[in-house]
Amino acid sequence: MIPDGVQAILAAVQNVTAGSNVSYSPGGAQLKPQLSDIPSFLAFILSMGGLGDWLKLFIFGGLVESARRLFTMAYNALLASFVLTLHFDGDETPYQWLMVWLSKQEAWTKARTIHVSSQNFGLKNNGVLLVPGEETDGKEGARPLSMLPNFDTTHSLWFRRRLMRVTRSKKYLGEGQVENSLMIQVFTRSHKTVHALLLEAKQQYEAETESRVSVFVADTYNNWYYAGSRPKRSMDSVVIPADVKELLIEDAKDFMMSESWYGQRGIPWQRGWLLYGVPGSGKTSIIQALAGTLGINIYVVSLAKRGLDDTNLSELLNSIPSRSIVLMEDIDAAFTRTVTREAPIDPQVAVSGPPTQSATSTITLSGLLNAIDGVQAQQGRLLFATTNKYTALDPALVRPGRLDVHIEFKLATKWQAAELFKRFYPIDDVTLSPPPVPNDSNEVDAVEGDLSELSEKASVFSSVSSSDTRVEMPDLMTTTTGTMIHQAARSRHSKAPRLTPEQLRTLAQGFADCIPEEELSMASLQGHLMMHKTRPDEAVRTAPAFVIKQREVRAKARTIAETAPVAPVIPAPLIGPVAPVALVGTVTPVTSISPLPSVSHPSLVPPTDDPSPALVPVVETTASL
Ligand SMILES: Nc1ncnc2c1ncn2[C@@H]1O[C@H](COP(=O)(O)OP(=O)(O)OP(=O)(O)O)[C@@H](O)[C@H]1O
């Protein structure tokens with residue numbers, strides 16, 4: 001049953017549509033006045049008691065809302081013409097610039113709601129404004145506190161007499177992923193103010209990072225994100241033969257300056273280096289040092305990364321800015337797991353196989369090769385690949401044009417051991433130990449076997465170290481070890497004797513004499529020196545024991561490896577004709593990859609007909625360390 005009021009409206013609507021004068025009235029009577037047009041229809045509606053009131057309210061509300069919307073639109077339009085709004089994504093570098101810049105603004109010291117953070121945005125400790133009164137310099141492990149805009153709060157501050165509103169946001173994406181963003185509104189009609197802001201933030205940040213190298217890694221969504229920065233490592237701190245170091249630096253510098261040379265010849269402006277050899281021999285260190293020397297950033301690609309496929313890899317490589325280092329660490333790792341020449345071994349395995357396989361990437365070798373060659377790839381890219389298994393690499397991957405220069409890193413030579421020692425102990429930072437206590441059960445005495453021969457060498461140097469000292473030795477001839485340690489520690493901070501350059505040379509030589517040629521890695525030698533950070537003579541005295549220990553550890557590791565069940569390796573590496581090392585262009589095929597001939601370092605010879613040096617090659621050889 002339709003209520004009378006509604007029936008009346010329906011009839012009126014019909015009449016209006018049909019242009020009829022007939023209208024409905026309860027009981028069949030004609031309604032006065034006749035509803036022949038819209039105004040009369042409305043008048044009729046409004047004349048209907050409660051319904052009329054309701055409709056009036058509806059129309060009034062509609063008008064108010066429309067007015068509000070119009071006002072908001074006008075306000076926003078007006079605001080947009082006076083305000084410039086900038087958005088920054090948390091995983092991009094400009095966000096870092098702005099956060100550091102913001103952290104240095106005095107505004108936060110007066111704000112009512114602030115975020116107190118110990119994040120330093122990849123900068124050294126004093127890179128961000130410290131909470132007034134806080135001193136962190138020189139304090140080990142101290143993390144500075146900085147004051148920043150609070151999340152989800154809009155802050156106002158002034159920049160060059162312009163009002164700025166800053167809103168920081170944080171979004172939780174699940175699985176521990178957080179997305180940070182920043183919005184800055186500047187009350188200005190001119191872009192100049194915004195440019196000045198960006199430039200100031202960038203310059204401030206770059207000044208802070210001048211002594212650092214920024215590192216980017218791919219996130220789980222295969223986008224680059226800023227993973228922080230590291231102090232620049234000096235080339236001098238990496239002990240490899242000087243000519244190899246020079247080759248790397250000169251070749252890289254030359255490459256960076258040769259854009260037009262490549263362009264004129266239609267050669268893609270990219271260059272690849274393959275650093276291969278034993279773990280802990282300085283492959284990563286030299287890349288880090290090179291990035292610092294050239295003042296460029298490092299983008300690290302892990303080919304075994306979960307979820308990485310051919311398309312992602314290609315996109316990742318293509319989105320790297322020019323004049324950057326791309327570092328593919330342990331390039332063999334991908335090859336011995338899921339990467340094959342044409343396709344993933346078994347898509348089922350990649351999806352649901354054992355964790356070691358499903359947890360890795362599904363890239364194919366062709367995908368990798370395409371990504372390296374990438375037609376749209378950024379030009380001016382220095383590609384570095386490292387591997388411990390040179391023979392596991394496909395010849396197509398290591399051919400010139402992809403990985404042009406191959407450098408082998410070997411176990412430490414005596415020369416490297418001595419040089420590492422000298423660099424490890426800057427003369428001003430170290431002191432000498434007291435003379436060894438007779439019959440003391442120190443580490444050297446505790447080791448047996450061929451240690452005696454080595455310790456003979458060491459003892460020469462410990463006696464040298466304890467003799468020619470400029471400062472009188474504190475009296476440490478005590479009976480209990482505990483007391484001696486205590487007194488030795490005290491001597492470190494009191495009248496400890498300093499090393500002379502001559503003593504350092506002698507100690508370094510003594511250390512080198514204790515280290516067998518090409519048996520231990522540089523990393524392990526460094527580990528030993530770390531145990532005696534400020535006591536070079538102790539490092540020498542205990543070196544023989546260290547060597548014995550290392551041999552034992554390796555023997556144990558070998559036994560474990562021999563008895564352990566052999567894990568299936570997928571697939572067999574392709575071994576074929578390979579240029580053992582080529583400096584651009586030419587390849588000397590060899591029938592198999594065997595241990596490479598030792599040191600014969602490539603040299604860079606500038607082309608005779610072109611001013612651009614070094615890119616024409618010439619030498620097909622192997623650079624070994
Ligand atoms: N030639 C070297 N000169 C100075 N330090 C070295 C050298 N080789 C290794 N080290 C030290 O050993 C540590 C490991 O070095 P690095 O990571 O560069 O080795 P790697 O060859 O890249 O090893 P992996 O193949 O395992 O990645 C670093 O702390 C580094 O300082």
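Atoms within a ligand are numbered from 1 in the order they appear, just like the ligands themselves.
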What is the distance from atom CE of M256 to atom CD1 of I296, rounded to the nearest 0.5 Å? 4.5 Å
Using a 4.0 Å heavy-atom threshold (strictly under), name the region of L420 that reaches ligand 1: side chain, backbone, both or neither. side chain
A student checking ligand 1 against S237 at a 4.0 Å heavy-atom cut-off should list atoms 3 (N), 4 (C)
What orientation do Y299 and W224 show, parallel under 30°, tilted 30 to 60°, or perpendicular over 60°? perpendicular
Nearest heavy atom to atom 7 (C) of ligand 1 wins, so pick from Q416, E419, M522. M522
Shortest protein contact, atom 3 (N) of ligand 1 (heavy atom only): V239 N, 2.8 Å
Contact between ligand 1 and V238 is defined here as a heavy atom of the residue under 4.0 Å from a ligand atom; is it met? yes
Aromatic ring pairing H406/Y390, orientation class (parallel under 30°, perpendicular over 60°, tilted between): perpendicular
Parallel, tilted or perpendicular: ring planes of Y262 versus F255, cut at 30 and 60 degrees: perpendicular
Hey, is Q526 touching ligand 1 through its side chain, its backbone, both or neither, going by heavy atoms under 4.0 Å? side chain
pair L290-I287: side-chain heavy atoms closer than 4.5 Å: no
For atom 22 (O) of ligand 1, the closest protein heavy atom turns out to be T284 OG1, 2.6 Å
May I ask you to list the atoms of ligand 1 that are less than 4.0 angstrom from any heavy atom of N388? 25 (O)
When you measure from atom 13 (C) of ligand 1 to each heavy atom in P279, P241, A523, which option holds the nearest one? A523
Indicate yes or no: does an N/O atom of E329 lie under 3.5 Å from an N/O atom of ligand 1? no
Is there a side chain to side chain contact (heavy atoms under 4.5 Å, CB included) between L382 and L294 once you walk through the steps? CA-CA 11 Å; L382 286 82; L294 300 176; 4.0 Å; yes
If you measure from atom 21 (O) of ligand 1 to every heavy atom of K283, R423, R233, K410, which option wins on shortest distance? K283
Just jot down the ligand 1 atoms closer than 4.0 angstrom to any heavy atom of S285, in number order. 15 (O), 16 (P), 18 (O), 28 (C), 30 (C), 31 (O)
Distance from atom 24 (P) of ligand 1 to nearest protein heavy atom, with residue and atom: G280 N, 3.7 Å
Evaluate Y225 against V217 for side chain to side chain contact (heavy atoms under 4.5 Å, CB included), listing each step before the verdict. CA-CA 6 Å; Y225 81 90; V217 296; 3.3 Å; yes
Hey, what do you get for CZ (F424) to CG (L504), rounding to the nearest 0.5 Å? 12.5 Å
Which bit of M530 is near ligand 1, meaning a heavy atom under 4.0 Å away: side chain, backbone, both or neither? neither
Charged N to carboxylate O below 4.0 Å: is that the case for K556 and E552? no
